[in-house]
A.B. asks: 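Got a structure for you, written out below as structure tokens; questions coming shortly.
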Amino acid sequence: MTTAWASDPTPVTAPVATPPAPDASALYQTHCAACHSDDRFGMMGPALLPENLERLKRKDAAATIRDGRVATQMPAFADQLSEADINALVDFIYTPPAKPPLWTDQDITASRVVNADALKLPAKPVFSADPKNLFVVVEAGDHHVSVLDGDKLEPIHRFASRYALHGGPKFTADGRFVYFASRDGWITKYDLWNLTVVAEVRAGINTRNLAVSSDGKWVMVGNYLPKTLVLLDAKDLALKRVYDVKDEAGTLSRVSAVYDAAPRQSFVVALKDVPQIWEISYDPKAEPIYKGYVHDYKMGEGVAAPGPFTPRVTVLDTTLDDFYFDPSYNRVLGASRDGKAEVIDLRVRRKIADLDLGGMPHLGSGITFDYQGHPVMATTDLKAAKVTVIDMQDWKKVADIPVNGTGFFLRSHDKTPYMWVDSMMDPKFRDTLQIIDKTTLKVVGSVTPAPGKTSAHVEFTRDGKYALVSLSEKDGAIVVYDAATFKEVKRLPMVKPVGKYNVWNKTTRDRGTSH
């Protein structure tokens, strides 16, 4: 008897359950909000918004969540969060919030903290070092600032700073007070003579930089978020005015940069998203400002706005990302991200020349000096391995000086015949700085503080005798060189030092450094 068997049934495989995607918002509220705030604006920890994180690679953000940050209050979450959780959090913080960030007058005022005792301290240094030859060194590795004696070339004090200082500290004319801005918008007033914080205020959520008026009375802060300028009383950082940065059509703009034009007693502001420059006078006797066309202002036609603290607008044909003043401070040399560069005369409020720079010049790091009887300006280029020199009388190019790689900082001093340029943007040459003779415009030397490690940003002592270089690594240092022989003199261990700023050079506006 034969039995017929049916074909074997195909085995059925049970579907594999796909784990649910991590709820990034819930993870953020559980693990991050206590330090970074519910809205990601930042509190004890920095703001976690795309604009604030633009210089932090996503893989580095993931590593920070996973491993924490040494010497900070950021813990490691590797034992609490999966890789999927960490990646979801990274995506979350790099995504703009549904509701545009706001930071109101009330928020600014509520954030201010004043050390009342510091306001009463005597106007004399508590140390024996020359107060005009101090250096302020920003250590980005663990968010500290060191104060160096520029004569002995030794540290005399170190203190914790806000997270991610940016834009360079600014000094009062006497060198006693220095003001810092962080990317998170915190403004700190520090008494260098008494080595103490005077006051702090949060002027924005993402801040570009600040400027201090030449009379020491005012601080102006330029923001990316929100799109505002903030005027503070320099004495205690009390809020005086918030400007919504926008054009006549209501188009809002981030602030590219704000600087003090001391001879003009004004702040000059470049806008990133609108082709305009604003000049805001702090001169109590500033002339009134008439908006629009007036037949004869002398006859009292039209309604004038007060001269002090009212923006005087210059309309341009391109937006400026960076700018630099000529020695008179009557002209602005500006450059856009696409390489267009031009000269604007603040007196007549219009462009007077184009600059043949190309690439992406870093004018904020420009210097000036005399070359063959002419005043010239020199600048690095963020896209090309060159230093460009421009004649400041006819605005024509004098030379393109070939250098190792793309650099960020160019520095000199009135008492040295050389200018020093880094190549920190170039992976191959980031460890070496080149030295250019200002008379011949030729490279005459170089220094390599540590092969394979990033070295950048030179600043000179008050007398121009020594050049200080940042070995910008976690186990970094300030490396001191003899500015005449290019020989190393000593090293001061630092935690990823970035900028360093000499009081004398900054307050006297030496032509070899940024202002």
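Just so you know, these numbers use all the heavy atoms, side chains as well, and skip hydrogens, waters and symmetry mates.
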A.B. asks: Please give me the minimum heavy-atom distance between Asp431 and Ala450, naming the atom from each residue.
C.D. replies: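 Result for this residue pair: CB-O, 3.6 Å.
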A.B. asks: Do Phe323 and Tyr259 make the cut of ring centroids closer than 6.0 angstrom?
C.D. replies: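 Distance test on ring centres: under 6.0 Å, yes.
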A.B. asks: Looking at side-chain heavy atoms only, is the closest gap between Asn206 and Asn223 below 4.5 Å?
C.D. replies: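 No - every pair of side-chain heavy atoms lies 4.5 Å or more apart.
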A.B. asks: Should Leu49 and Ile93 be marked as a side chain to side chain contact (heavy atoms under 4.5 Å, CB included) after you check the CA-CA gap, both sets of side-chain angles, and the distance that decides it?
C.D. replies: CA-CA 6 Å; Leu49 298 165; Ile93 63 177; over 6 Å; no
A.B. asks: Do Glu459 and Lys500 come within less than 4.5 Å of each other through their side chains, counting heavy atoms only?
C.D. replies: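 SC-SC contact between Glu459 and Lys500 confirmed.
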A.B. asks: Of all residues at least two apart in sequence or in a different chain, which pass the side-chain hydrogen bond (donor to acceptor under 3.5 Å, both in side chains) check with Asp233?
C.D. replies: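 Applying side-chain hydrogen bond (donor to acceptor under 3.5 Å, both in side chains) to Asp233 gives none.
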A.B. asks: Could Arg347 and Asp345 be called an ion pair, given the rule that one side-chain N must be under 4.0 Å from one carboxylate O?
C.D. replies: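 A salt bridge is present here (some side-chain N lies under 4.0 Å from a carboxylate O).
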A.B. asks: Are Val147 and Leu192 side-chain neighbours, meaning at least one heavy-atom pair lies under 4.5 Å?
C.D. replies: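 Sidechains of Leu192 and Val147: in contact.
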A.B. asks: Looking at Asp321 and Lys272, is any side-chain nitrogen of the basic one under 4.0 Å from a carboxylate oxygen of the acidic one?
C.D. replies: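 Yes.
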A.B. asks: Inspect the contact between Lys170 and Asp260 and indicate whether a charged nitrogen and a carboxylate oxygen are less than 4.0 angstrom apart.
C.D. replies: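 No, this pair does not count.
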A.B. asks: Run the numbers on Arg176 and Leu121 for side chain to side chain contact (heavy atoms under 4.5 Å, CB included), then give the verdict.
C.D. replies: CA-CA 12 Å; Arg176 175 178 176 180; Leu121 291 171; 4.1 Å; yes
A.B. asks: What pair of heavy atoms forms the shortest contact from Ala234 to Trp218, and how long is it?
C.D. replies: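 Of all heavy-atom pairs spanning Ala234 and Trp218, the closest is CB-N, 3.6 Å.
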A.B. asks: Could you check whether Thr508 and Arg462, counting side-chain N and O atoms only, form a donor-acceptor pair closer than 3.5 Å?
C.D. replies: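 The answer is no; no qualifying pair exists.
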A.B. asks: Have a look at Val269 and tell me which of Leu229, Val245, Ile277 forms a side chain to side chain contact (heavy atoms under 4.5 Å, CB included) with it.
C.D. replies: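 Of all the options given, the one that passes is Leu229.
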A.B. asks: Do you see a donor-acceptor pair shorter than 3.5 Å between the side chains of Ser281 and Gln265?
C.D. replies: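 The criterion, which ignores hydrogens and geometry beyond distance, is not satisfied for Gln265 and Ser281.
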A.B. asks: Would you call Lys453-Asp475 a salt bridge at under 4.0 Å N-O?
C.D. replies: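 Yes, Lys453 and Asp475 are salt-bridged.
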A.B. asks: Say you draw a straight line from CG of Asp322 to OG of Ser256; how long is it, rounded to the nearest 0.5 Å?
C.D. replies: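 Answer rounded to 0.5 Å: 8.0 Å.
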A.B. asks: Would you compute the distance between atom CG of Asp510 and atom CG of Asp414 and round it to the nearest 0.5 angstrom?
C.D. replies: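 The CG atom of Asp510 sits 4.0 Å away from the CG atom of Asp414.
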A.B. asks: Between the side chains of Thr448 and Thr432, does any donor sit under 3.5 Å from an acceptor?
C.D. replies: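 Side chains of Thr448 and Thr432: pair found under 3.5 Å.
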A.B. asks: Residues in side-chain contact (heavy atoms from CB on, under 4.5 Å) with Ala261, at least two apart?
C.D. replies: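 Here the qualifying residues are Arg264, Ser266, Val268, Phe325, Tyr329.
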A.B. asks: Is Arg158 salt-bridged to Asp142, cutoff N-O under 4.0 Å?
C.D. replies: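 Answer for the salt bridge query: yes.
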A.B. asks: Is there a donor-acceptor contact under 3.5 Å linking the side chains of Lys383 and Thr406?
C.D. replies: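 Side-chain D/A pair, Lys383 to Thr406: absent.
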A.B. asks: So, Asp215 and Ser213: side-chain donor and acceptor under 3.5 Å apart, yes or no?
C.D. replies: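 Per modelled atom types, Asp215 and Ser213 side chains form a pair under 3.5 Å.
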A.B. asks: Would you check if Thr368 and Met392 make a side-chain contact, meaning some heavy-atom pair closer than 4.5 Å?
C.D. replies: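 They are in side-chain contact.
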A.B. asks: CG of Asp422 to OG1 of Thr454: how many Å apart, nearest 0.5 Å?
C.D. replies: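 These two atoms lie 9.5 Å from each other.
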A.B. asks: Would you check if Met377 and Tyr371 make a side-chain contact, meaning some heavy-atom pair closer than 4.5 Å?
C.D. replies: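 Met377 does not reach Tyr371 side chain to side chain.
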A.B. asks: Check for me whether Arg202 meets the cation-pi criterion with Trp103, that is, NZ or CZ under 6.0 Å from the six-membered ring centre and within 45 degrees of the ring axis.
C.D. replies: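 Yes, Arg202 lies over the aromatic ring of Trp103.
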A.B. asks: Return the set of residues passing side-chain hydrogen bond (donor to acceptor under 3.5 Å, both in side chains) with Thr314 (not counting sequence neighbours), or none when no residue passes.
C.D. replies: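 Counting only residues at least two positions away or on another chain, Thr314 forms no side-chain hydrogen bond (donor to acceptor under 3.5 Å, both in side chains).
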A.B. asks: Can a donor-acceptor pair be found between the side chains of Asp107 and Thr104 at a distance below 3.5 Å?
C.D. replies: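 Present: a donor and an acceptor within the cut-off.
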A.B. asks: Between Arg511 and Asp370, is the closest basic N to carboxylate O distance under 4.0 Å?
C.D. replies: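 Arg511 and Asp370: salt-bridged.
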A.B. asks: Going by distance alone, is a donor N or O of one side chain under 3.5 Å from an acceptor N or O of the other, for Asn505 and His413?
C.D. replies: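 Side chains of Asn505 and His413: pair found under 3.5 Å.
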A.B. asks: Does some side-chain heavy atom of His157 sit less than 4.5 Å from a side-chain heavy atom of Val145?
C.D. replies: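 Result no, sub-4.5 Å side-chain heavy-atom pair not found.
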A.B. asks: Restricting to side-chain hydrogen bond (donor to acceptor under 3.5 Å, both in side chains), what partner residues turn up for Tyr481, sequence neighbours left out?
C.D. replies: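 With neighbours one apart ignored, the set is empty.
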A.B. asks: Given side chain to side chain contact (heavy atoms under 4.5 Å, CB included), test Asp236 with Arg112 step by step and report yes or no.
C.D. replies: CA-CA 9 Å; Asp236 57 5; Arg112 187 171 68 108; 3.4 Å; yes
A.B. asks: Could you measure the distance from the CZ atom of Phe369 to the CE atom of Met419? Nearest 0.5 Å is fine.
C.D. replies: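 If I round to the nearest 0.5 Å, the distance is 4.0 Å.
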A.B. asks: Take the angle between the ring planes of Phe409 and His362 and call it parallel below 30°, perpendicular above 60°, tilted in between.
C.D. replies: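 Rings of Phe409 and His362: perpendicular, over 60°.
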A.B. asks: Kindly indicate, with the supporting measurements, whether the criterion ring-ring contact (aromatic ring centres under 6.0 Å, His included) is fulfilled by Tyr282 and Phe309.
C.D. replies: CA-CA 6 Å; Tyr282 51 81; Phe309 303 110; 7.4 Å; no
A.B. asks: Do Ser328 and Asp326 meet the criterion of a side-chain donor-acceptor pair at a distance under 3.5 Å?
C.D. replies: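 Side-chain D/A pair, Ser328 to Asp326: present.
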A.B. asks: Do Asn194 and Asp191 have side-chain N/O donor and acceptor atoms under 3.5 Å apart?
C.D. replies: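 Short answer, yes.
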A.B. asks: Just how far is it from atom CG of Leu148 to atom OG1 of Thr461, taken to the nearest 0.5 Å?
C.D. replies: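 So the gap between those two atoms works out to 11.5 Å.
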A.B. asks: Throw together a table of side-chain donor-acceptor distances under 3.5 angstrom for residues 484-495, partners on residues two or more places apart or in other chains.
C.D. replies:
{"unit_1": "Thr485", "atom_1": "OG1", "unit_2": "Lys487", "atom_2": "N", "d": "3.3"}
{"unit_1": "Glu488", "atom_1": "OE1", "unit_2": "Arg491", "atom_2": "NE", "d": "3.4"}
{"unit_1": "Glu488", "atom_1": "OE1", "unit_2": "Arg491", "atom_2": "NH2", "d": "3.2"}
{"unit_1": "Glu488", "atom_1": "OE2", "unit_2": "Arg491", "atom_2": "NE", "d": "2.8"}
{"unit_1": "Lys490", "atom_1": "NZ", "unit_2": "Leu153", "atom_2": "O", "d": "3.1"}
{"unit_1": "Arg491", "atom_1": "NH1", "unit_2": "Pro449", "atom_2": "O", "d": "3.4"}
{"unit_1": "Arg491", "atom_1": "NH2", "unit_2": "Pro449", "atom_2": "O", "d": "2.4"}

A.B. asks: Is there a ring-ring contact (aromatic ring centres under 6.0 Å, His included) between His144 and Phe159 once you walk through the steps?
C.D. replies: CA-CA 6 Å; His144 276 71; Phe159 62 95; 8.1 Å; no
A.B. asks: Flag yes if more than 12 heavy atoms outside Lys506 fall under 6.0 Å of its NZ atom; otherwise flag no.
C.D. replies: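 Yes, the 6.0 Å shell around NZ holds more than 12 heavy atoms from other groups.
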A.B. asks: Is there a donor-acceptor contact under 3.5 Å linking the side chains of Asn133 and Asp149?
C.D. replies: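 No, no side-chain donor-acceptor contact under 3.5 Å.
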A.B. asks: May I ask you to test the Ile108-Val242 pair for a side-chain heavy-atom distance under 4.5 Å?
C.D. replies: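 They are in side-chain contact.
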A.B. asks: Can you find a side-chain donor-acceptor pair between Thr507 and Lys132 that sits under 3.5 Å?
C.D. replies: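 No donor-acceptor contact under 3.5 Å links the two side chains.
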A.B. asks: Within a strict 4.5 Å, meaning less than it, do heavy atoms of the Arg430 and Ser455 side chains meet?
C.D. replies: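 No, side chains not in contact.
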A.B. asks: Return the set of residues passing side-chain contact (heavy atoms from CB on, under 4.5 Å) with Pro275 (not counting sequence neighbours), or none when no residue passes.
C.D. replies: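 side-chain contact (heavy atoms from CB on, under 4.5 Å) list for Pro275, sorted by chain: Leu316, Thr319.
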A.B. asks: Does Arg162 make a cation-pi contact with Trp186 (under 6.0 Å, within 45 degrees of the axis)?
C.D. replies: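 Yes, cation above the ring, under 6.0 Å and within 45°.
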A.B. asks: Asp184 and Ser182: side-chain donor and acceptor closer than 3.5 Å?
C.D. replies: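 Result is no, nothing qualifies.
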A.B. asks: Quickly, which of Leu134, Val137, Val138 forms a side chain to side chain contact (heavy atoms under 4.5 Å, CB included) with Tyr501? Name it, please.
C.D. replies: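 Of Leu134, Val137, Val138, side chain to side chain contact (heavy atoms under 4.5 Å, CB included) with Tyr501 is met by Val138 alone.
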